[in-house]
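Everything on this sheet refers to the single structure shown next.
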There are 2 protein chains.
Amino acid sequence: MPDLLHGDENEAAVNSLRSAVMRLGRRLKHQRVDESLSPTEMSVLGTLARCGSATPGELARKEHVQPPSMTRIVALLEAKGLVRLEPHPDDRRQKVVSQTERAEAMLEESRRKRNVWLASLAEGLDDDEWAKLRAAAPVLEKLAHL
Amino acid sequence: MPDLLHGDENEAAVNSLRSAVMRLGRRLKHQRVDESLSPTEMSVLGTLARCGSATPGELARKEHVQPPSMTRIVALLEAKGLVRLEPHPDDRRQKVVSQTERAEAMLEESRRKRNVWLASLAEGLDDDEWAKLRAAAPVLEKLAHL
DNA sequence: GTAACTCATTACCCAATCTAAATACCACCG
DNA sequence: CGGTGGTATTTAGATTGGGTAATGAGTTAC
């Protein structure tokens, strides 16, 4: 259990994280690098790129989305040719989702575009602030998974 | 313009911020301290608590929401008795939104509840991680406002 | 071998936000 | 003055992302 001595500071931080995360989330929604690809779809592709492949259920848990939503997302991605669905080797209830070469290319493209946005943000932040963000990023990821 | 030397690291951080912010956002949505009050409504109340009072347009800009959405939100808050609407002193197009005493009490209550959630999160993070979060919180806020 | 559980899906629904257009008002220029 | 262009808010309608409940197929445990 971390520093109970800093309760007030933590509380203030939680407040500010809450509102910042929400506003930033809305903003990110609009700044999607690829029109026609929702933020969650992007996120799923990112997860697949990192983890190789996964079942819809696993993806739903990772993204903190209900299974039916993930079914829909995967279906959309498949329709766009960004994802492949194969039967699970030893459980015929499950399926295995993996990204296609096309998704790989798209991610590369989107990475490039993201640099533009990054550059524009860079105008507003100094080195120190960036450093803090870099340090906090993994913690936020951990938090997102509780 | 900050450290171009760390371009790759920044890019990785941006990726990880993106997905973390989104997932955390979804999670926060469900963890609302007060049922019957949407995250954005909460955020507006927080803004009013900090800034005193503001016009709907100002609030919309601050929350990164379109004006019509803010109209709705303010109307809902007013219906719940958490916000007061008065005519703008020297521009009859505008209105001035300010929080009621009841909102003040509710924020206090919600602050208390938030501590419970905070405590449960604390189980999963160590001192160092919390420190990083605290350091990054203001930067995230700044980022949210670009 | 059946009962209980799990994964994915289908069908339906809801909440939050958006865009476009309407309304009321201000400010300036002739 | 009076009109013209711009701004604040609101109304109306559409979209979208996600959720819940119920179904079907498959697996596991007793």
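Just so we're on the same page: letters track the sequence lines, and every chain starts at 1.
Taking atom CG of residue Leu77(A) and atom P of nucleotide dG17(D), one finds them 12 Å apart after rounding to whole Å. If you measure from atom NE2 of His64(B) to atom C1' of dC18(C), you get 16 Å, rounded to the nearest angstrom. Here the P atom of nucleotide dT7(D) and the CD atom of Glu58(B) are 16 Å apart, to the nearest Å. Distance Lys95(B) NZ to dT7(D) P: 20 Å, rounded to the nearest Å. In this entry the distance linking CD of Glu78(A) with C1' of dA8(C) reads 14 Å, nearest Å. In this structure, the CD1 atom of Ile73(B) is 12 Å from the C1' atom of dC18(C), given to the nearest Å. Here dA8(D) presents its C1' atom at 7 Å from CG of Asp91(B), a figure rounded to the nearest Å. Put simply, CG on Leu85(A) is 17 Å from P on dC7(C), counting in whole angstrom units.
For dC26(C), one of the phosphate oxygens OP1 or OP2 lies less than 4.0 angstrom from a side-chain nitrogen or oxygen of Arg92(B). Under 4.0 angstrom from either OP1 or OP2 of dC18(C) there lies at least one side-chain N or O belonging to Ser69(B). Remark: Thr40(B) is in phosphate contact with dT17(C), judged by side-chain N or O atoms under 4.0 Å from OP1 or OP2. Between Arg72(A) and dG17(D) there is no side-chain polar atom (N or O) within less than 4.0 angstrom of OP1 or OP2. Between dA8(D) and Thr55(B), no contact under 4.0 Å exists linking OP1 or OP2 to a side-chain N or O.
Closest approach of Ser98(A) to Ser53(A), counting heavy atoms only: CB-CB, 3.8 Å. Nearest heavy-atom pair, Val97(B) versus Leu85(B), reported as atom, atom and distance to 0.1 Å: CG2-CD2, 4.1 Å.
If you find the closest nucleotide of DNA chain D to Asp90(A) and to Gly57(B), the one lying nearer the 5' end belongs to Gly57(B). Two residues, Pro67(B) and Val74(A), neighbour DNA chain C, and the one matched to the more 5' nucleotide by heavy-atom proximity is Val74(A).
Between the side chains of Ser38(B) and Glu41(B), at least one donor N or O sits under 3.5 Å from an acceptor N or O. Between the side chains of Thr40(A) and Glu63(A), no donor-acceptor pair of N or O atoms lies under 3.5 Å.
Closest contact between the side chain of Pro68(A) and the listed nucleotides dG17(D), dT27(D), dA11(C) involves dA11(C). The side chain of Pro56(B) sits closest to dT10(D) out of dT10(D), dT17(C), dC25(C).
When heavy atoms are screened at a 4.0 angstrom cut-off, Thr71(A) is found touching base atoms of the nucleic acid.
Residues Glu109(A) and Arg102(A) are not paired through a salt bridge, judged by the lack of any N-O separation under 4.0 Å between the basic side chain and the carboxylate.
Residue Arg93(B) places no side-chain atom within donor-acceptor reach of the base of dT9(D), judged by atom type and a 3.5 Å distance cut-off alone.
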